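Structure first, then comments.
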Number of protein chains: 2
Amino acid sequence: MAGIDDVARRAGVSATTVSRALSGRGRVSEKTRERVRRVADELGYVASATAASLATGQTMSVGVLVSLTGRWYFATVLDGIAARLAPHGYDLTLYDLTDDAAQRQLLFETSLRRGRVDGILALTVTLSDDEIDALLGLGLPVVGLGTPSPRVPALRVDDRAVARAAVAHLLALGHRRIAHIGNSKGPGAGCDVPTQRHDGFVEAMTDAGVPCPVFVQTDFTVADGRRATLELLQREEPPTAIFAASDELAFGAIFAARERGLRVPDDLSIVGVDGHEMGELFGLTTIDQFPRRQGERAAEHMLALLTATDDPTPPAAPPATVPVVPARVPDISTTVPVIPARVPAISATVLSEPLPFELVTRTSTAPPAE
Amino acid sequence: MAGIDDVARRAGVSATTVSRALSGRGRVSEKTRERVRRVADELGYVASATAASLATGQTMSVGVLVSLTGRWYFATVLDGIAARLAPHGYDLTLYDLTDDAAQRQLLFETSLRRGRVDGILALTVTLSDDEIDALLGLGLPVVGLGTPSPRVPALRVDDRAVARAAVAHLLALGHRRIAHIGNSKGPGAGCDVPTQRHDGFVEAMTDAGVPCPVFVQTDFTVADGRRATLELLQREEPPTAIFAASDELAFGAIFAARERGLRVPDDLSIVGVDGHEMGELFGLTTIDQFPRRQGERAAEHMLALLTATDDPTPPAAPPATVPVVPARVPDISTTVPVIPARVPAISATVLSEPLPFELVTRTSTAPPAE
DNA sequence: CTGAAAGCGCTTACAG
DNA sequence: CTGAAAGCGCTTACAG
């Protein structure tokens with residue numbers, strides 16, 4: 001692999017000039033820049049990320065904390081993040097969070113501390129207080145997406161509102177025996193996404209005069225949704241409608257209904273949350289939260305933090321929503337020019353306005369039979 | 001963040017010794033090592049990945065080339081890879097491949113050349129000849145998983161055999177009008193996965209006396225599977241069975257059948273490929289290829305290449321299957337000790353024996369009606 | 001506009 | 001077993 005000195009020699013300039021010509025930082029005559037670019041291309045020279053990182057203190061990489069295990073939502077969000085990061089020359093380091101204690105410890109106490117990333121995007125994963133401490137103690141910008149802790153600045157949808165919208169839809173159809181399945185650890189257990197949805201459900205039901213609505217706690221897979229629904233359906237007073245905290249749970253509910261010989265929506269109405277790609281085929285009514293777009297916005301927000309020139313006057317208004325970096329796709333032929341960044345202090349706990357969501361009505365919901 | 005000199009000073013030794021004590025490379029008295037460890041813990045010191053990389057030439061990171069877009073299979077494989085890499089102290093840099101030409105060019109001509117990873121895992125993605133050239137020209141170990149090019153050493157299942165097993169199952173049930181839906185670019189178009197499955201299908205059908213079996217080319221989503229199946233079902237002689245090249249396509253086929261008022265399996269039998277988590281709920285008969293395990297094995301293989309000490313006698317037998325690095329989970333409390341690696345030349349095009357697969361018979365297949 | 005030199009924070013022969 | 005010094009390959013004040 002050619003090094004910067006090879007290019008310098010061949011172009012008849014110093015390494016300093018090569019660095020400047022290729023990075024776009026500092027003045028270089030157009031003529032010199034041209035020549036250096038050409039030589040770099042000939043030699044196939046690209047600056048070593050490692051060496052550049054050590055010299056600049058920037059890694060040009062963003063870490064993403066996620067628990068991939070089979071969840072469609074996360075894969076989709078991740079895809080959105082990757083799509084936004086790449087054109088800006090940022091790599092994406094994936095930290096797949098498992099339940100394994102040793103692995104988590106290794107992650108938070110070592111991997112994350114090795115300084116390999118400039119910032120961290122924490123997707124909705126349940127983190128312990130210690131883990132949050134570790135995360136915030138990194139001294140890096142951290143942006144959450146629907147994160148569990150109020151201490152992590154996060155983009156998020158108003159999950160109570162999501163739940164209320166789903167329940168309102170069912171109530172409007174005439175349902176009263178509405179059950180909820182989700183992964184809330186119980187009423188008021190925290191501010192994590194499943195609990196918010198649970199609380200929103202309870203609020204809406206209470207407002208409608210059903211103070212103690214039925215809730216079944218379960219994990220987030222299709223199989224779990226099926227199991228929880230089967231359990232609900234064999235109760236004395238089975239629900240006429242189910243609000244599932246995710247589309248995958250809702251799919252499971254549809255399978256369960258089918259197994260019991262119930263028709264959806266005639267005998268059982270079902271609403272999910274997410275906007276899963278298979279929702280349309282299942283005819284699932286859902287609250288779409290546009291996961292890919294969420295990933296894009298989270299990435300945009302991170303980029304904004306990372307490329308913010310350390311303005312002496314800290315912006316009164318927080319970095320706000322989207323405007324972010326203009327779609328300045330770097331010169332592809334050579335090195336990626338980058339605005340030098342200084343990590344700004346992050347102020348707000350909740351960023352900008354909540355993320356959008358939308359009720360998508362399909363064929364899994366209808367008025368109750370009787 | 002504390003640096004190595006802080007630790008050295010406080011422990012009363014040189015930086016050299018700190019490095020040795022924490023990395024496990026080189027002799028250090030047990031007593032000194034203890035003290036250094038303790039001080040490092042107190043100070044929360046972890047060696048900078050960037051500085052260490054520059055000094056050693058190893059990044060302790062593996063790049064994964066994948067096209068995430070919604071495909072369950074890839075997310076699952078990725079999860080398997082991450083699970084295997086993490087305990088060995090390797091990070092995972094995700095390169096999400098899109099169809100965008102500019103982004104791909106940026107990836108192959110710049111991102112990948114910045115020397116940020118020690119090796120590359122290329123999941124089944126369609127790469128152009130130029131891209132393969134770029135990949136192989138990196139001078140890094142590259143391991144494919146079901147990769148399109150014969151030039152990339154890869155772990156793979158025998159996809160022709162997969163197809164034959166699926167078709168054999170249908171033939172044994174008495175089907176003759178068997179159609180295939182998949183993403184082969186046509187007969188004999190290459191050695192990529194979809195084409196292999198297609199060719200295996202044709203072989204099996206030809207052997208059974210059906211020389212020109214029906215094939216519909218389509219993308220790999222559930223919606224595509226539905227569309228392709230709807231098309232097949234309105235032909236003059238609709239198939240009695242469908243072999244879908246993925247479980248997601250098969251799900252789409254099931255939806256299509258249902259839409260047309262056909263019962264599965266009575267009126268239409270359906271077989272998929274993958275071992276998708278929702279397969280059981282759909283009652284889908286499938287060829288399970290254990291995707292998570294595939295990811296794990298690909299990661300293990302890469303680790304074996306990366307940690308192979310450059311043995312002067314090149315092993316006559318290729319690195320072979322699994323034995324790999326013993327499950328030597330590094331000392332979590334401090335820095336990760338690592339066997340110094342020299343990248344060995346990779347010889348074989350096809351690695352070890354093919355990956356396993358298995359027919360899982362469920363309720364989507366049965367003898368044809370008449 | 002251009003370059004020599006110092007420095008980023010580690011690791012590793014080399015010497016003791 | 002331990003340390004001083006060079007070096008990994010860039011970038012960036014500083015000086016011209």
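To find a chain, count down the sequence lines: A is the first, B the second, and so on, and within it residues start at 1. Owing to the predicted nature of the structure, the values given are computational and were not obtained by experimental measurement. These numbers come from the heavy atoms of this one structure, side chains and all, not from hydrogens, waters or symmetry mates.
- Out of D/dT12, C/dT11, D/dT2, the shortest distance to the side chain of A/S19 is found at D/dT12.
- If you measure from atom CZ of B/R27 to atom P of D/dG3, you get 16 Å, rounded to the nearest angstrom.
- A sub-4.0 Å separation between OP1 or OP2 of C/dT2 and a side-chain N or O of A/T32 is present.
- In this entry the distance linking CZ of A/R9 with P of C/dG3 reads 14 Å, nearest Å.
- Counting only heavy atoms from C-beta on, B/A52 has its side chain closest to C/dC10 among C/dC10, D/dG3, D/dT11.
- With a cut-off of 3.5 Å on both pairing distances, the Watson-Crick or G-U wobble partner of D/dG3 is C/dC14.
- Remark: side-chain polar atoms of B/D118 are not paired, donor with acceptor, to backbone N or O of B/Q58 under 3.5 angstrom.
- Spacing between atom CZ of B/R116 and atom C1' of D/dC8 amounts to 17 Å, rounded to whole angstrom units.
- Between the CG atom of B/L54 and the P atom of C/dC8 there is a distance of 13 Å, given to the nearest Å.
- Closest to the side chain of A/T16, from the set D/dT2, C/dA5, D/dA5, is C/dA5.
- Along DNA chain D, the nucleotide nearest B/G12 and the nucleotide nearest B/A51 are compared for position; the residue whose nucleotide lies closer to the 5' end is B/G12.
- With C1' as the reference atom, C/dG16 and C/dT12 are 16 Å apart, rounded to whole Å.
- When atom types are taken as modelled, the side chain of A/T32 and the backbone of A/V28 share no donor-acceptor pair closer than 3.5 angstrom.
- Residue A/S14 has no polar side-chain atom (N or O) positioned under 4.0 Å from OP1 or OP2 of C/dT2.
- For A/R25 and D/dT12, the CZ to C1' distance is 9 Å, given to the nearest whole Å.
- Taking atom CG of B/D5 as the reference point, atom C1' of C/dC10 lies 9 Å away to the nearest angstrom.
- Taking atom CD1 of B/I4 as the reference point, atom C1' of D/dA4 lies 14 Å away to the nearest angstrom.
- In this structure, the CZ atom of B/R114 is 11 Å from the P atom of D/dT11, given to the nearest Å.
- Using modelled atom types, one side-chain atom of B/S23 and one backbone atom of B/S19 make a donor-acceptor pair closer than 3.5 Å.
- Without hydrogens or angle criteria, A/R113 side chain to B/V46 main chain gives no donor-acceptor distance under 3.5 Å.
- Place B/V13 and B/A55 on DNA chain D by their nearest nucleotides, and B/V13 ends up nearer the 5' end.
- A/R33 places no side-chain N or O within 3.5 Å of a backbone atom of A/L22 that could act as its donor or acceptor partner.
- Contact check, A/S29 against C/dT2: a side-chain N or O comes under 4.0 Å of OP1 or OP2.
- Both B/R20 and B/S48 lie close to DNA chain C; mapped to their nearest nucleotides by heavy-atom distance, the more 5′-ward contact belongs to B/S48.
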